[in-house]
Protein chains: 2
Amino acid sequence: MNSSASTKERILTAAEALFAQRGFEGASLRQLTAAAGVNLAAVNYHFGSKDHLVEQVFKRRLDQLNARRLAALKQISGLPETTLEDVLSAFIRPALDLSHDGGGGLFMRVLARAFAEHDDSLRKFLSENYGHVMRQFTNEFARLLPGLSKEELYWRIDLVTGALTHAMSGFGIIQRKSDVSEVTHREQTAEHLIRFAASGLRAP
Amino acid sequence: MNSSASTKERILTAAEALFAQRGFEGASLRQLTAAAGVNLAAVNYHFGSKDHLVEQVFKRRLDQLNARRLAALKQISGLPETTLEDVLSAFIRPALDLSHDGGGGLFMRVLARAFAEHDDSLRKFLSENYGHVMRQFTNEFARLLPGLSKEELYWRIDLVTGALTHAMSGFGIIQRKSDVSEVTHREQTAEHLIRFAASGLRAP
DNA sequence: CGTATCCTCAAACGATCGTTTGAACCACTC
DNA sequence: GAGTGGTTCAAACGATCGTTTGAGGATACG
């Protein structure tokens, strides 16, 4: 029972990397199982089908990401001294951290692909596992931007989401210089994103 | 189908729609030629291969888009009274117009997929047909935002690109209300995008 | 030891993929 | 009317896809 968990995890990790690199349809189960060092039939044995594997790849990282984002939001939600930058930090930093210590550096690319896909079943799965988090953040944004109409707020949150997804999935456009540490670079990236998004949200 | 159009054009139009809907790998030549009402072998006869078809789908729309963007930029480039909003307008409105009168409403979705794909040959083709336009806009942005370092400017332009691509491909998140015309709705969309992007670029 | 349960494996399944082929068709020239 | 060049057609090609199968290995418990 424990040896199967190892096989499962190896499939998930290999799938995450290959989906990020070649897409959901572009990555075949034969490439995938070869990279994971497991038998071809192991995917259908442990996950039932390729579609269920895709869902589980999402679920493993989204559970981490959701938990961290909600924990960060909880600490500042509703407080009178909370700023827009604080809320954006709670939204952005968990995603950047996941790229580093979760081993899920490639997950943001997978997520960007999911946005590009307009597949209905995948979108439904994402909204079920993602919707309640976005709703809480939206409420907090609304509190801190009382001048915005609901329509304008939705527009701008959508634009922020697009900017962040694009930036975090396309890592490497702005390369880390050799004289700054990984942690420092991540901090600078977060500040760039937060400053841009906060200013965009506050637009007159 | 439109039997008056040439076989080549019918293939390009059907391919654009199917690539937007199912992706480059997800759309098969058999679905594609059936939708276009042409023989399966016509794709390889007229385009050589599926990959070349993908490139031509991009080329047909990008040529339009580039020409309109550069024409709009030329009218305001270098003038002392030009604002950031003017440059963004020259960048954004041609893309929105293409969605309407070019019949290429689906092209922005295809473009968003291309960003998600990290396929090297496709990226190379895009930079060859797209790079000089982005370079001219970047120069103009730099002139209007003298306080920004080169690194910061690249960062923010990348974020703007992500926001716009996401918004224009995801058309329909903000639905047009029945009491506003198509033209009015497009105008409102452009104003939303420009206001957000300008404010983000001007961030302290 | 026998047996039950979970897992892995090589092999094969039918379906679908992009591409190629060679004959047929069509408008046009000499 | 024979010939020519461009185009369309049905059919087939080999490759690869996700999935299934049935035999065999590994481990734990009686």
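Letters go in sequence order (proteins before strands), and every chain restarts at 1.
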Under-4.0 Å side-chain N/O to phosphate OP1/OP2 contact, His46(A) with dT8(C):
yes
With sugar-phosphate meaning primed atoms plus P, OP1 and OP2, does Ala41(A) contact a base, only sugar-phosphate, or nothing at under 4.0 Å between heavy atoms?
base
If the threshold is 4.0 Å, N to carboxylate O, is there a salt bridge linking Glu187(A) and Arg93(A)?
yes
Toward the 5' end of DNA chain D, which comes first, Ala42(B) or Gln31(A), by nearest nucleotide?
Ala42(B)
Should we count CD of Glu128(B) as having more than 12 external heavy atoms under 6.0 Å?
yes
Is atom NE2 of His132(A) surrounded by more than 12 heavy atoms (other residues, nucleotides or ligands) closer than 6.0 Å?
yes
Throw together a table of side-chain donor-acceptor distances under 3.5 angstrom for residues 27-42 of chain A, partners on residues two or more places apart or in other chains.
from     : atom 1 : to       : atom 2 : distance (Å)
Ser28(A) : OG     : Arg30(A) : N      : 3.4
Ser28(A) : OG     : Gln31(A) : N      : 3.2
Gln31(A) : OE1    : Ser28(A) : N      : 3.2
Thr33(A) : OG1    : Leu29(A) : O      : 2.7
Thr33(A) : OG1    : Arg30(A) : O      : 3.4
Asn39(A) : OD1    : Ala41(A) : N      : 2.9

So the contacted stretch of DNA chain D, first to last nucleotide with an atom under 4.0 Å from a non-hydrogen atom of chain B, runs from dG6(D) to dA12(D)
A cation-pi test, strictly: NZ or CZ of Arg113(B) under 6.0 Å from the centre of the six-membered ring of Phe24(B) and no more than 45 degrees from its axis. Yes or no?
no
